[in-house]
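Quick one: the structure is below, questions incoming.
This is a predicted model, so every value here is computed, not measured. Chain letters run A, B, ... following the sequence lines, proteins first, then strands; residues in each count from 1.
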Number of protein chains: 2
Amino acid sequence: MSNAISQEMTGSTQEIKNGWKPEIATAPLYLQVAHHLESRISNGDFAVGSLLPTENELAEALGVSRQTVRQAIGLLRNKGRLSARKGVGTRVEAIEASSGSTRFIAHSRSELFEIAAETEFVIGFREMVSAQGKLAVDLGCRPGRKFLHITGVRYPANRGKAFSWNEVYIDSRVAAAVKDVTVARRAIFHYIEEFTGEKIHEIQQDVRPIAMDEDIAEKVGCKGGDLALIVNRRYYGSGRRLLEYAFQILPADRFTYTTTLRAET
Amino acid sequence: MSNAISQEMTGSTQEIKNGWKPEIATAPLYLQVAHHLESRISNGDFAVGSLLPTENELAEALGVSRQTVRQAIGLLRNKGRLSARKGVGTRVEAIEASSGSTRFIAHSRSELFEIAAETEFVIGFREMVSAQGKLAVDLGCRPGRKFLHITGVRYPANRGKAFSWNEVYIDSRVAAAVKDVTVARRAIFHYIEEFTGEKIHEIQQDVRPIAMDEDIAEKVGCKGGDLALIVNRRYYGSGRRLLEYAFQILPADRFTYTTTLRAET
DNA sequence: TTATCGTATATGTACGTACTAATTGATTTC
DNA sequence: GAAATCAATTAGTACGTACATATACGATAA
């Protein structure tokens, strides 16, 4: 054992470069390394377009094995933050902010967190409902199950122009998780995870075009009949129990759904 | 060295279970294992919902290390074919064919291959064009660059109802790759890769809603003004050279864009 | 009968080594 | 000067080990 954690524990005063110091056994090491690298990138410590230190250098500097560094780099490559080429090195990539329309539809669970953190969901209405008919079908449950129904508008964190209309259905068993929330600054399912201690393992998301409804259009500042995207999400806990169902309506002229597909190797 | 490749080379007649035998050093081992597992899944050899043999069993049966098996399983987990739980095992997951509307928008490079293989792109029109104005902007190149412009309709492999209108722009330097193609049964960028020997490393894709144009509507069998999704794709070779730009228009009532977001751990 | 406590088993994490292969840049050669 | 060659560098692949941790199940005790 020669990594920085044990050094920390044995009271060694040797300082790891750039002030990094591993946590005390919360997250796995490769995740800590990934977060560390990510923050140093957004710090500008590793410039976009430049090459990262080599895997061996990083491993030595952070006091972990090269495998662990590779695992961390692998995560960031999946997210598009890094790209690697054999014989060359690992390059810091720009986060594509493709032409004007910002990315506000998530491609991963962690991105949902980030988006939610940058926005505010102002809850305007809430009631308990019993799933019947189309709703029961949408929720994939038998009629009669109780859900907390919440509606509201999502704003950028700085309270600019509203950008989406949101409706959320939460399983009554976990609805207490949001009973005191009037303005959500985190993802709703984050509240649920915190409340139950259980992790949302899977989120199924689908995107469809619709024509904007008259009164929803008014709430998000556009005209009825305008083109929009509706994003449906189903949140499943362990054993594929549906804990939350939500949909979101985004004006099409403001938002585009962008993805980057990469070669595996 | 005790894996099945070396056994093969030394002429050992020992037969690996289920007729698997590694190739002679073309693809990396973990990819071969991944493909092997995938084909056995679609064979029904590993039933959906059941647990795979343990990593150690697979490693021994295939004559590779557990690490290699894990790498292969990791790929298939990313694709959603498998899911693993600590202390339990690795489960074969169903490919979600969510309620009626088939998935015809790719989420990964390999999925583009698969979709293209299941469909036919019937080319109806082709000409050389010089990028000007909006096209130059869409293509992100300076005006005057030459492209081969191809348009046509994409059908299911069995030649049922048309399902999308397609337009493709190919960099003139590689346009020869498709000069003899009138019906494409593979992805266009696959022809380009074959022609140049260079791999398309990155594909950027964005999805937006539009109202269906009158004459395009006619070609895919729906009405003008109907809701549709337009999928733009930019194909980049090494050094982010744009080699191909394409867009595709899909009737909204037939197709939904579905994604599954999973927890990292 | 119910609750609790091991124990076995599975994946997850982390380390190590060794070698392969793509790329770059300097050097040599024509 | 241009082309071929070689050496150094860097990520990729593949193997090994060991231990951590979540889960299921059976044995035991209340």
Side-chain angles (χ1 to χ4, degrees), chain A residues 1-7 22-34 37 50-60 62-78 82-92 197-199 201 238-239 262-265, chain B residues 1-7 9 22-34 37 50-60 62-77 82-92 197-199 201 238-239 262-265:
Chain A
M1 293 263 291
S2 66
N3 78 34
I5 288 184
S6 58
Q7 287 172 15
E23 298 156 25
I24 313 291
T26 52
L29 209 44
Y30 70 91
L31 263 183
Q32 295 180 38
V33 173
L37 292 177
S50 70
L51 292 179
L52 238 52
T54 70
E55 296 174 346
N56 279 321
E57 285 169 3
L58 283 173
E60 198 181 0
L62 301 177
V64 301
S65 74
R66 186 185 158 212
Q67 301 306 319
T68 303
V69 171
R70 278 183 65 75
Q71 219 172 336
I73 287 177
L75 284 182
L76 300 183
R77 287 176 63 177
N78 269 341
L82 298 177
S83 72
R85 270 177 50 192
K86 202 186 288 190
V88 181
T90 307
R91 187 174 302 276
V92 180
E198 180 187 354
K199 199 167 185 181
H201 284 90
S238 65
R262 284 189 192 76
E264 282 86 6
T265 300
Chain B
M1 294 260 292
S2 65
N3 78 32
I5 288 184
S6 58
Q7 288 172 12
M9 284 180 166
E23 299 157 23
I24 313 291
T26 52
L29 209 44
Y30 69 91
L31 263 185
Q32 296 180 38
V33 172
L37 292 177
S50 69
L51 293 179
L52 279 188
T54 70
E55 294 174 347
N56 279 321
E57 284 168 4
L58 283 173
E60 197 183 0
L62 301 177
V64 301
S65 74
R66 185 185 157 212
Q67 301 306 320
T68 303
V69 171
R70 277 185 65 77
Q71 220 172 336
I73 287 177
L75 285 182
L76 300 184
R77 286 176 63 177
L82 298 177
S83 72
R85 271 181 39 186
K86 201 186 288 190
V88 182
T90 306
R91 188 172 302 277
V92 180
E198 180 187 353
K199 198 167 184 179
H201 284 90
S238 64
R262 286 190 189 75
E264 283 85 7
T265 298

Q) If you take atom types as modelled and just measure distance, does the side chain of B:Q67 reach the base of D:dT17 with a donor-acceptor pair under 3.5 Å? A) yes
Produce the list of close N/O pairs, under 3.5 Å, pairing protein atoms with atoms of nucleotides 22-27 of chain D; give distances to one decimal.
none

Q: Write down the distance between CG (B:N56) and P (D:dA18), rounded to a whole number of angstrom.
A: 13 Å
Q. Of the nucleotides C:dT11, D:dT13, D:dG16, which has the atom closest to the B:A84 side chain?
A. C:dT11
(Q) Using the rule given for side-chain contact (heavy atoms from CB on, under 4.5 Å), can you reason through A:L82 versus A:V92, listing the C-alpha separation, both sets of side-chain angles and the distance that settles it, and then say yes or no? (A) CA-CA 5 Å; A:L82 298 177; A:V92 180; 4.1 Å; yes
Q) Can you tell me how far the OG1 atom of B:T68 sits from the CG atom of B:L29, to the nearest 0.5 Å? A) 5.5 Å
Q: Could you tell me whether the side chain of B:R77 reaches within less than 4.5 Å of the side chain of B:I73, counting heavy atoms only?
A: yes
**Q.** Nearest-angstrom distance from the residue atom CG of B:L52 to P of C:dT9
**A.** 19 Å
Q: List in chain and number order the residues that pass salt bridge (charged side-chain N to carboxylate O under 4.0 Å, His left out) with B:R66, two or more places apart in sequence or in another chain; answer none if no residue qualifies.
A: B:E55
(Q) Nearest 0.5 Å, please: how far is OG in A:S65 from CG in A:N56? (A) 10.5 Å
(Q) When you measure from the side-chain N and O atoms of B:T68 to the phosphate of D:dC15, is any distance below 4.0 Å, counting only OP1 and OP2? (A) yes
Q. Could you give the CD-to-C1' distance, from A:E60 to C:dG16, as a whole number of Å?
A. 15 Å
Q. Minimum heavy-atom separation for B:A72 to B:A34, with atom names?
A. CB-N, 3.6 Å
Q.
When you measure from the side-chain N and O atoms of B:R77 to the phosphate of C:dG12, is any distance below 4.0 Å, counting only OP1 and OP2?
A. yes
Q. Rounded to the nearest Å, what distance is computed from the CG atom of residue B:L75 to the C1' atom of nucleotide D:dT13?
A. 13 Å
Q) How many Å lie between CG on A:L51 and C1' on D:dA11, as a whole number? A) 12 Å
(Q) Using heavy-atom distances to pick each residue's nearest nucleotide on DNA chain D, tell me which of B:V69 and B:R66 is more 5'. (A) B:V69
Q: Would you indicate, yes or no, if D:dA11 has its OP1 or OP2 atom less than 4.0 angstrom from a side-chain nitrogen or oxygen of A:T90?
A: yes
Q: Grab the two heavy atoms, one from B:L58 and one from B:L37, that are nearest each other, plus how far apart they are.
A: CD2-CD2, 4.1 Å
(Q) Rounded to whole Å, please give me the gap between CG in B:L82 and P in C:dA10. (A) 17 Å
Q. Which whole-number value in Å describes the distance from B:R70 CZ to C:dA10 C1'?
A. 10 Å
Q: Rounded to the nearest angstrom, tell me the gap between atom CD in A:Q71 and atom P in D:dT13.
A: 15 Å
